[in-house]
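Worksheet: the structure to be examined is printed underneath.
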Amino acid sequence: MHDIRMIRTDPAGFDAAMARRGLAPVSAALLAQDADRRAAQTALQEKQARRNALAREIGQGKRSGADTAALEAEATVLRADMEGLESRAGALDAAIRGVLEALPNVLDPDVPDGADERANLVLSQSGTPRDLGFQPKQHFEIGEALGLMDFAAAAKLAGARFVVLRGALARLERALGQFMIDVHTREHGYTEMVVPSLVNDAAMYGTGQLPKFADDLFRTTDGRWLIPTAEVPLTNTVAGEILPEVSLPRRMTALTDCFRSEAGAAGRDTRGMVRQHQFRKVELVSITHPDHSAAEHERMTASAETVLRLLELTYRRIVLCAGDTGFGSTKTFDLEVWLPGQQAWREISSCSNCRDFQARRMGARFRGADGKPVGFVHTLNGSGVAVGRALIAVLETHQQADGSVLIPQVLWPYMGGMERISGSAGG
RNA sequence: GGAUGGGUGGCCGAGCGGUUGAAGGCAGCGGUCUUGAAAACCGCCAGGGGGCAACCCCUCGUGGGUUCGAAUCCCACCCCAUCCGCCA
């Protein structure tokens with residue numbers, strides 16, 4: 001959500017910022033409505049002031065036994081005048097708000113121009129794709145050959161884009177999630193959270209999924225929404241709050257299921273576990289002072305990278321270009337993991353600095369040490385990392401010629417000492 | 001799902017038609033005192049919006065309504081607590 005005063009101050013700059021997102025200029029129309037709104041509001045307020053004065057006079061008159069009939073008559077007329085102004089101001093306000101809440105965040109100057117993912121920039125890389133010495137399989141080939149990954153069973157239960165895992169693979173999924181939470185709580189200072197997987201409209205609005213992206217979500221019959229990411233409940237924990245500055249930054253992590261309708265993804269990634277309606281993810285959320293969000297963004301991304309490094313995966317960091325950066329983000333780093341079976345880099349984490357965009361929508365502020373409210377906090381979110389995709393990456397990266405999979409050493413304690421998943425590891 | 005009681009400023013809590021945007025307390029900030037601290041005392045201290053400004057307007061869960069005037073009365077909805085029922 002944008003501050004209309006910012007647009008008033010620099011309409012050309014705002015239009016230029018939206019142009020980077022491929023959007024037509026809106027500031028002229030918006031500011032015209034804004035001027036009308038303020039005129040109506042000012043006129044209304046003058047009448048309200050008069051009404052308040054009359055009410056006070058009438059009150060005093062009644063107590064002293066004076067005749068207040070004339071004053072009451074004036075007030076009655078005044079009320080009729082106010083109704084028109086009130087509805088006009090309200091309608092304009094709603095119209096302006098409707099436009100503002102559908103506009104994406106302003107991009108950071110560092111974000112490269114470009115319309116789609118082809119313009120994303122690779123910033124760094126850890127490890128290099130290497131020849132495994134045999135023809136690598138894709139994760140679903142590995143999992144199905146082991147008898148531990150079953151898409152047919154999932155289809156019977158729920159339809160396409162779900163999976164059933166068994167035995168060692170089910171345990172590996174659990175191990176990955178546990179391990180990531182432990183890394184972030186022990187090494188990176190995040191507080192572990194358990195949060196609702198169903199949220200209300202206000203929460204979805206606060207982080208920006210609503211009103212524009214309802215089609216991407218699942219909705220319950222009682223009007224709640226299944227979270228597409230723990231970013232929603234975690235970030236909204238500070239909605240409506242005025243936080244003491246000394247309590248910042250607040251770092252939270254949670255392992256949750258995530259639910260996505262994948263409405264626009266028909267035909268993409270139809271095989272395997274890459275794109276599912278339900279998947280688990282460890283999410284990282286930071287609430288920071290505005291001065292510190294850029295540094296926190298770097299720190300958060302590095303925290304996610306730590307997980308990938310410990311899992312002995314090959315990955316690279318990219319910065320998303322203008323056209324690929326999400327609605328609420330000013331700047332997004334994606335981490336892409338190398339999948340030898342697919343011979344492709346695939347997103348496994350996405351870390352965004354939303355600055356005050358979500359905070360403004362949800363009313364999340366902080367109060368400085370001098371006791372004065374000084375403004376909106378900044379919010380950041382990132383995957384630390386997507387568990388399902390980490391499972392895929394582990395399978396494809398650590399697969400062996402005989403069809404077994406070596407488990408990264410950091411996971412051994414979580415696997416009850418198991419170091420390899422092979423055909424007999426059904427459990 | 002049924003019943004009852006509640007939602008007031010950062011927190012607690014009074015107010016239950018007429019200078020109440022809101023007593024009092026706690027916390028916070030500034031000061032006096034003190035070698036320093038504590039205590040005591042004094043002062044400040046909700047948010048949002050409009051206006052060049054003086055200043056004004058809005059907000060006591062949300063939305064309507066009654067009234068010259070609503071935190072206070074009426075209606076609907078939301079949320080919370082407790083008890084009952086059901087239940088992992």
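Residue numbers begin at 1 in each chain, while the letters A, B, ... track the order of the sequences.
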Counting only heavy atoms not in A/R224, do more than 12 sit closer than 6.0 Å to its CZ atom? no
Between [atom2] on [N] and [atom1] on [X], what's the gap in Å once rounded to a whole number?
| X | N | atom1 | atom2 | answer |
| --- | --- | --- | --- | --- |
| A/M82 | B/C57 | CE | C1' | 10 Å |
| A/R365 | B/G47 | CZ | P | 8 Å |
| A/E86 | B/C58 | CD | C1' | 10 Å |
| A/L54 | B/U19 | CG | C1' | 15 Å |
| A/L243 | B/A27 | CG | P | 21 Å |
| A/L44 | B/G51 | CG | P | 13 Å |
| A/E241 | B/C11 | CD | P | 8 Å |
| A/E245 | B/G28 | CD | P | 16 Å |

Looking at [X], does any N or O in its side chain come under 4.0 Å of the phosphate oxygens OP1/OP2 on [N]?
| X | N | value |
| --- | --- | --- |
| A/R367 | B/A46 | no |
| A/R50 | B/C57 | no |
| A/R56 | B/G69 | no |
| A/R51 | B/C68 | no |
| A/N52 | B/C57 | yes |

Would you call A/R317-A/D334 a salt bridge at under 4.0 Å N-O?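 Here A/R317 does not pair with A/D334 in a salt bridge, since their nearest N and O are not under 4.0 Å apart.
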Taking the six-membered ring for Trp and the single ring otherwise, decide whether the centroids of A/H378 and A/F357 are under 6.0 Å apart. no
Among [options], the nucleotide that comes nearest once only the side chain of [X] is considered:
| X | options | answer |
| --- | --- | --- |
| A/R37 | B/U67, B/G10, B/G49 | B/G49 |
| A/I58 | B/C58, B/G69, B/G18 | B/G18 |
| A/Q41 | B/G48, B/C58, B/G50 | B/G50 |
| A/I242 | B/G51, B/G69, B/G10 | B/G10 |
| A/R224 | B/G50, B/G18, B/C79 | B/C79 |
| A/R8 | B/A46, B/C68, B/G50 | B/G50 |
| A/K62 | B/C68, B/C57, B/G49 | B/C68 |

So A/F162 and A/H277, would you call those rings parallel, tilted or perpendicular, with 30° and 60° as cut-offs? tilted
Could you label the plane-to-plane angle of the A/Y190 and A/H188 rings as parallel, tilted or perpendicular, counting under 30° as parallel and over 60° as perpendicular? perpendicular
By nearest-nucleotide position on RNA chain B, the 5'-leaning member of A/Q60 and A/E46 is A/Q60
Closest nucleotide of RNA chain B for A/E72 versus for A/A55: which of these residues is on the 5' side? A/A55
Going through the checks in order, is the ring pair (Phe, Tyr, Trp, His ring centres under 6.0 Å) test met by A/H289 and A/F366? CA-CA 8 Å; A/H289 185 282; A/F366 70 97; 4.9 Å; yes
For [N] and [M], measure between their [atom1] atoms and round to the nearest Å.
| N | M | atom1 | result |
| --- | --- | --- | --- |
| B/C12 | B/A27 | C1' | 10 Å |
| B/C74 | B/U66 | P | 15 Å |
| B/G30 | B/C80 | P | 39 Å |
| B/C77 | B/G28 | C1' | 37 Å |
| B/A76 | B/G25 | C1' | 36 Å |

Applying a 3.5 Å limit to both distances, which nucleotide forms a Watson-Crick or G-U wobble pair with B/G28?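 Paired with B/C44.
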As its Watson-Crick or G-U partner within any shown strand, both distances under 3.5 Å, B/A3 has B/U82
Under 3.5 Å, is there any donor-acceptor pair linking the side chain of A/Q45 to the base of B/G49? yes
Checking salt bridge (charged side-chain N to carboxylate O under 4.0 Å, His left out) between A/E173 and each of A/R280, A/R389, A/K281, which is the one that passes?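 Option passing the salt bridge (charged side-chain N to carboxylate O under 4.0 Å, His left out) with A/E173: A/R280.
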